[in-house]
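To keep things clear, I will list the structure first and then write my remarks on it.
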Amino acid sequence: MVANRMNFTLSPMTPFRHKMAASVHAFSKVFCRVLPSFSRQFRQYQSCLQKLPLKPSCPAPVLFVQSNQFFCSKASLQNDTAAKPEEVLSRYKDKPWDYLKSEEYIEKYGSQPVWTGYRRNHKGGIPPQKTRQTCIRGDKICGNPCPICRDPNIIVHHQNVMLLQQFICPHTGVVHDSTRTGVCIKQQKKLNKAIQTARDQGLIPFQIPHVNFSGEDYSNTHDAVGPTPPPPSLTSGETWYPWYGEITPDDNQVAKVKKTYKAYLKC
């Protein structure tokens, strides 16, 4: 009874399955026939494109487009952002002081120095006693570069007075230590050299301590710088200096010196 019911229920589906299998078999035959011809035409099209001379003004036809460029504009945005720093560097390379007057710098730093709020990453609660040697080694940049190395538009130059003044104490005129600003040792050496050059050329003012000199310091009345006294008379038998007459030389030492310089002595 159960078997008859199953046959009764499955019997209407058998013709549909046969038709579907036949259609799939026919579609596979057609696809296998069409695929070689399509691939052969595609290869011929590629060979023709290679033989045709392309003008420099006309771009080559692109048959396949990457998915990230076709479905979203992320790749184009990345290319634009990669080209931007090169334009900025070429713009501020000759005149690096123009960057400190630009709206980009004011929006990023405001009126504060570039090293304000910088903190170097380190392990533990005690910061390192010295800054790193350099932040850029070849093409690799460290994870937390110093205030100068992290911004490619900041260029240390002796004419970039606004930048150099940020690293000089306004009260004492002393250059800030790298442990305070967080600048790496390589950039600190560049800063010291640029500040010294700017001071020599008169671009940065600096104060020299005033010393009051009295005339007594340059007088010639002292015995050390005064005129030499006349020598005492040699006929009196007194020595040049009073203390020299009290010295009695050792006989052994005198004999040794006479033996050494016997050839040069007249008596």
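A donor-acceptor pair under 3.5 Å is formed between the side chain of His122 and the backbone N or O of Gly124. Here the side chain of Thr197 pairs a donor or acceptor atom with the backbone of Lys193 at under 3.5 angstrom. The backbone N or O of Pro113 sits less than 3.5 Å from a side-chain atom of Thr116, completing a donor-acceptor pair. A donor-acceptor distance shorter than 3.5 angstrom exists from the side chain of Asn144 to the backbone of Arg119, with no hydrogens or angles considered.
For the pair Phe167 and Ile148, the minimum side-chain heavy-atom distance is below 4.5 Å. Between Gln166 and Val114, the closest side-chain pair of non-hydrogen atoms falls below 4.5 Å. Proximity of Arg120 to Pro127: side-chain heavy atoms (C-beta onward) are nowhere separated by under 4.5 Å. Inter-residue side-chain proximity for Gln133 and Lys186 is flagged as unmet; no heavy-atom pair is nearer than 4.5 Å.
Side-chain contact of Asp151 with Tyr109: a donor-acceptor pair under 3.5 Å is present, judged by distance alone. If you check the side chains of His210 and Asn212, you find a donor sitting under 3.5 Å from an acceptor.
Annotation for Cys184 and Cys135: closest pair CB-SG, 3.9 Å, computed over non-hydrogen atoms. For Tyr118 against Gly182, the heavy-atom pair with the smallest separation is CE2-O, 3.7 Å. Nearest heavy-atom pair, Gln112 versus Tyr105, reported as atom, atom and distance to 0.1 Å: O-OH, 3.9 Å. Between Val183 and Thr131, the shortest heavy-atom contact is O-OG1, 3.1 Å. Smallest separation of non-hydrogen atoms from Trp97 and Gln159: CH2-OE1, 3.1 Å. In terms of heavy-atom proximity, Thr179 sits nearest to Gln129 at CG2-O, 3.3 Å.
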Inset, instruction - Begin from the C-alpha positions of Ile168 and Val174 and carry the test side chain to side chain contact (heavy atoms under 4.5 Å, CB included) through to its verdict. - result: CA-CA 6 Å; Ile168 301 175; Val174 179; over 6 Å; no
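Here the CG atom belonging to Leu163 is positioned 10.0 Å from the CD atom belonging to Gln165, to the nearest 0.5 angstrom. Here the CZ-OG1 distance, from Arg132 to Thr134, works out to 9.0 Å after rounding to the nearest 0.5 Å. Between Leu203 atom CG and Leu164 atom CG the span is 9.0 Å, to the nearest 0.5 Å. Atom CZ of Arg150 is separated from atom CD1 of Ile136 by 13.0 Å, given to the nearest 0.5 angstrom. Going from atom CD1 of Ile185 over to atom NZ of Lys189 covers 7.0 Å, rounded to the nearest 0.5 Å. Atom SG of residue Cys149 and atom CD of residue Gln187 lie 4.0 Å apart, to the nearest 0.5 angstrom.
Aromatic ring pairs are classed by plane angle as parallel below 30°, tilted from 30° to 60° and perpendicular above 60°; the pair Tyr99 and Tyr92 is perpendicular.
At most 12 non-hydrogen atoms from other residues, nucleotides or ligands lie less than 6.0 angstrom from CD of Gln207.
Using a 4.5 Å cut-off between side-chain heavy atoms of Ile, Leu, Val, Met, Phe, Trp and Tyr, with links allowed through other members, Leu191 and Met162 fall into the same hydrophobic cluster.
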